[in-house]
Amino acid sequence: MTEATLFFREFTRTRRATGAVAPSSPRLARALTRYVIPSPGTARAVLEVGPGTGAVTRHVMESLGPMDTLDLVEANPRFAALLAQTYAGDRRVRVLTGLVQDADLGSYDTIVCGLPFANFDAATVGDILGRLVGALRPGGTMSYFAYAGMPPLRRALATGRARARVLALQSVIGRVLARHRFRTETVLGNLPPARVHHLAPAVPAAEALALGACASPPGGGETAAREGAGL
Ligand SMILES: C[S@@+](CC[C@H](N)C(=O)[O-])C[C@H]1O[C@@H](n2cnc3c(N)ncnc32)[C@H](O)[C@@H]1O
């Protein structure tokens with residue numbers, strides 16, 4: 001069975017959790033892994049959440065040095081089995097099968113997240129984002145994506161309880177972005193196009209003052225304001 005067929009089959013079985021009909025495009029994968037930066041001579045810890053069939057994982061692996069480690073946390077046992085088979089024998093890679101909410105996470109230099117947050121409730125997303133940002137080492141980054149244009153569309157179309165859920169969810173995500181986002185980029189080369197958000201742990205005000213600057217993680221401080229403050 002091809003990767004695309006497996007992915008689509010799992011989408012039909014677990015639509016909400018899988019969250020997409022096809023794996024991410026190479027362009028989206030490149031944007032998501034922009035901050036998985038090789039660092040020869042040091043051991044870097046990378047976490048990928050929701051790797052699916054491994055479309056983004058392949059790009060992480062291209063930047064993974066011999067001393068680095070990669071934890072893959074995947075809820076779908078069929079995807080997890082495929083990943084375990086693909087990376088069997090590579091001692092840098094550990095596949096954790098289950099929900100990221102239940103995973104025994106370490107601390108990481110880079111986190112890449114492919115979870116379909118738009119399908120989850122606000123409390124779950126708040127919990128997951130809190131855990132992931134909390135698992136970042138100082139100077140670390142976390143990248144995740146959402147489909148471009150979907151948040152305003154969902155706000156406009158949802159009614160009643162569904163609208164309440166959408167508003168609560170977007171409010172949680174908006175708070176996290178306001179506190180932690182240092183860059184957002186739009187990837188047109190994906191179906192549908194996507195927005196990739198890059199986050200970093202908040203620098204305490206006193207520390208930022210001592211540094212004499214606003215927090216400016218890797219990438220040179222392309223601010224959310226310049227690139228659009230939308231979700
Ligand atoms: C949109 S797919 C992304 C797959 C892959 N990263 C890509 O870009 O092609 C979301 C993935 O997250 C997994 N997933 C959903 N909820 C999860 C959770 N709570 N913990 C871990 N993985 C989860 C799904 O099984 C699925 O593989």
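In each ligand, atom 1 is the first atom listed, and ligand 1 is the first ligand listed.
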According to ring-ring contact (aromatic ring centres under 6.0 Å, His included), does anything in residues 81-136 pair up with another residue at least two apart or in another chain? List the pairs. F117-Y144
Do the side chain of R16 and the main chain of P116 share a donor and acceptor less than 3.5 angstrom apart? no
Are the side chains of T141 and H198 in touch, meaning some heavy atoms are under 4.5 Å apart? no
Which pairs pass side chain to side chain donor-acceptor pair (under 3.5 Å) with one or both residues in residues 49-65, sequence neighbours excluded? E3-T53, E3-R58, E48-T57
Using residues 168-178 as the side-chain source, report each donor-acceptor pair under 3.5 Å to any protein atom, sequence neighbours left out, with the distance given to one decimal.
from	atom 1	to	atom 2	distance (Å)
Q170	OE1	R155	NH1	2.4
Q170	NE2	P151	O	3.0
S171	OG	R175	NH1	3.0

How close do S24 and A55 get, heavy atom to heavy atom, and via which atoms? O-CB, 3.7 Å
Protein N/O near ligand 1 N/O, under 3.5 Å, which pairs?
from	atom 1	to	atom 2	distance (Å)
ligand 1	6 (N)	G50	O	2.8
ligand 1	8 (O)	S24	OG	2.4
ligand 1	9 (O)	S24	N	2.9
ligand 1	19 (N)	Q101	OE1	3.0
ligand 1	20 (N)	V100	N	2.9
ligand 1	22 (N)	A75	N	3.2
ligand 1	25 (O)	E74	OE2	2.6
ligand 1	27 (O)	G52	N	3.4
ligand 1	27 (O)	E74	OE1	2.8
ligand 1	27 (O)	E74	OE2	3.2

